**Student:** 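Dumping the structure here so I can ask a few things about it.
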Amino acid sequence: RISYVVEMREYLYKILVVGDLGTGKTSIIRRYVHNIFSSNYKSTIGVDFALKVIQWGPDLIVRLQLWDIAGQERFGNMTRVYYKEALGAIVVYDITRPQTFEGVTKWKKDIDTKVALPDAWGGGQIPVILLANKTDLIGEGHGQHANPTELDQFCNENGFLTWFETSAKDNSNIEEATRHLISAILKLE
Ligand code: GTP
Ligand code: MG
């Protein structure tokens, strides 16, 4: 009889979820963590937390601590405190409201000026992905698909890893987007 001892590794990653009011941050997290969606809008006050435990491989568990930061907080002075020790971020805009895309660069700048990777990881910018949310509404005549070339270029110029179109309502692309972000962080380990 041969018995195996598997050495399990476990990483805890703090991830920020930011973006303007009502873009769908809380809905994306609730879909991702609890697989539920509600069309009722209850604006987040301050910050909320959620934990997602992912069996990444046979010997690796990743715990994502998601910090759901109220859109309102861009005008407050608490983000520096909330961002502390984050290792990645998700910036969300609402494809049906173009003005929320203007918020994207503001949130990205806020992140880049207030948080950095640990020194042991080189101290650079934390990995950030961009989500174009509420794509289910395109079928109902609201908003339109992103121009991939334009959004690729925008990500390049503004230091985003990449972008995804998502829908919290339809559960589309949320898993893929978070996997992409986690992979990027794991590469830094
Ligand atoms: P704040 O906490 O105020 O910053 O907002 P938020 O970004 O957390 O937005 P929230 O998730 O509360 O969603 C705002 C509204 O948009 C709610 O009515 C949601 O039901 C709706 N919503 C969020 N995601 C989607 C989506 O993918 N599709 C559709 N159709 N509605 C969505
Ligand atoms: Mg919210």
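Counting convention: from 1, in listed order, for ligands and their atoms alike. Predicted model only: the values in this text are computed from it and were never measured. Numbering starts at 1 and runs along the sequence shown. Every heavy atom of this structure was used, including side-chain atoms; hydrogens, water molecules and symmetry mates were not.
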**Student:** Return the residue, atom name and 0.1 Å-rounded distance of the protein heavy atom closest to atom 17 (C) of ligand 1.
**Tutor:** Tyr41 CB, 3.7 Å

**Student:** Considering heavy atoms of the protein only, find what lies nearest to atom 9 (O) of ligand 1 and give residue, atom and distance to 0.1 Å.
**Tutor:** Gly24 N, 3.1 Å

**Student:** What about Thr23: any of its N or O atoms under 3.5 Å from an N or O on ligand 1?
**Tutor:** yes

**Student:** Aromatic rings Phe154 and Phe101: how do their planes relate, parallel, tilted or perpendicular, breaks at 30° and 60°?
**Tutor:** tilted

**Student:** Is any side-chain heavy atom of Ile185 less than 4.5 Å from a side-chain heavy atom of Ile15?
**Tutor:** yes

**Student:** Distance to 0.1 Å, residue and atom name: give those for the protein heavy atom nearest to atom 18 (O) of ligand 1.
**Tutor:** Ser39 O, 2.9 Å

**Student:** Quick one: nearest non-hydrogen protein atom to atom 31 (N) of ligand 1, plus distance?
**Tutor:** Phe37 CZ, 3.7 Å

**Student:** When only distance counts, is Ile28 in polar contact with ligand 1, meaning an N/O pair under 3.5 Å?
**Tutor:** no

**Student:** Examine Lys25 against ligand 1 and note whether any of their N/O atoms are separated by less than 3.5 Å.
**Tutor:** yes

**Student:** Mind checking whether Cys155 and Thr162 have side chains closer than 4.5 Å, heavy atoms only?
**Tutor:** no

**Student:** For a quick check under 3.5 Å, do Asp94 and Thr100 share a side-chain donor-acceptor pair by atom type?
**Tutor:** no

**Student:** Please round to the nearest 0.5 Å and tell me the distance separating atom CG of Leu64 and atom OG1 of Thr178.
**Tutor:** 7.0 Å

**Student:** Which heavy atom of the protein is the closest neighbour of atom 20 (O) of ligand 1, given with residue, atom name and distance?
**Tutor:** Ser38 O, 2.8 Å

**Student:** When you measure from atom 10 (P) of ligand 1 to every protein heavy atom, which one gives the shortest distance, and what is it?
**Tutor:** Ser27 OG, 3.6 Å

**Student:** Can you tell me how far NE2 of His145 sits from CD1 of Ile95, rounded to the nearest 0.5 angstrom?
**Tutor:** 7.5 Å

**Student:** If you measure from CG on Asp112 to OH on Tyr83, what distance do you get to the nearest 0.5 Å?
**Tutor:** 10.0 Å

**Student:** Under a 3.5 Å cutoff, is there a donor and acceptor pairing between the side chains of Thr44 and Lys25?
**Tutor:** no

**Student:** Using a cut-off of 2.8 Å, find all protein N, O or S atoms closer to the Mg ion (ligand 2) than that distance.
**Tutor:** Thr26 OG1, Thr44 OG1

**Student:** Does one hydrophobic cluster hold both Val128 and Leu186, with members joined at side-chain heavy-atom distances below 4.5 Å?
**Tutor:** yes

**Student:** Measure the spacing between CG of Leu87 and OH of Tyr11 and express it to the nearest 0.5 Å.
**Tutor:** 12.0 Å

**Student:** Compute the shortest N/O to N/O distance between Thr166 and ligand 1 and return yes if it is under 3.5 Å, no if not.
**Tutor:** no

**Student:** For the 3.5 Å polar cut-off, considering only N or O atoms, please tell me whether Ile69 and ligand 1 meet it.
**Tutor:** no

**Student:** For Gly22 and ligand 1, does the shortest N/O to N/O distance drop below 3.5 Å?
**Tutor:** yes

**Student:** Quick check: Gly71 and ligand 1, any N/O pair under 3.5 Å apart?
**Tutor:** yes

**Student:** Among protein heavy atoms, which lies nearest atom 24 (N) of ligand 1, and at what distance?
**Tutor:** Asn133 ND2, 3.2 Å

**Student:** Out of His142, Lys134, Lys42, whose heavy atom is nearest to atom 15 (C) of ligand 1?
**Tutor:** Lys134

**Student:** What protein heavy atom sits nearest atom 28 (N) of ligand 1, and how far off is it?
**Tutor:** Asp136 OD1, 2.7 Å

**Student:** Can you name the one residue among Lys52, Arg63, Glu189 that meets side chain to side chain donor-acceptor pair (under 3.5 Å) with Tyr13?
**Tutor:** Glu189

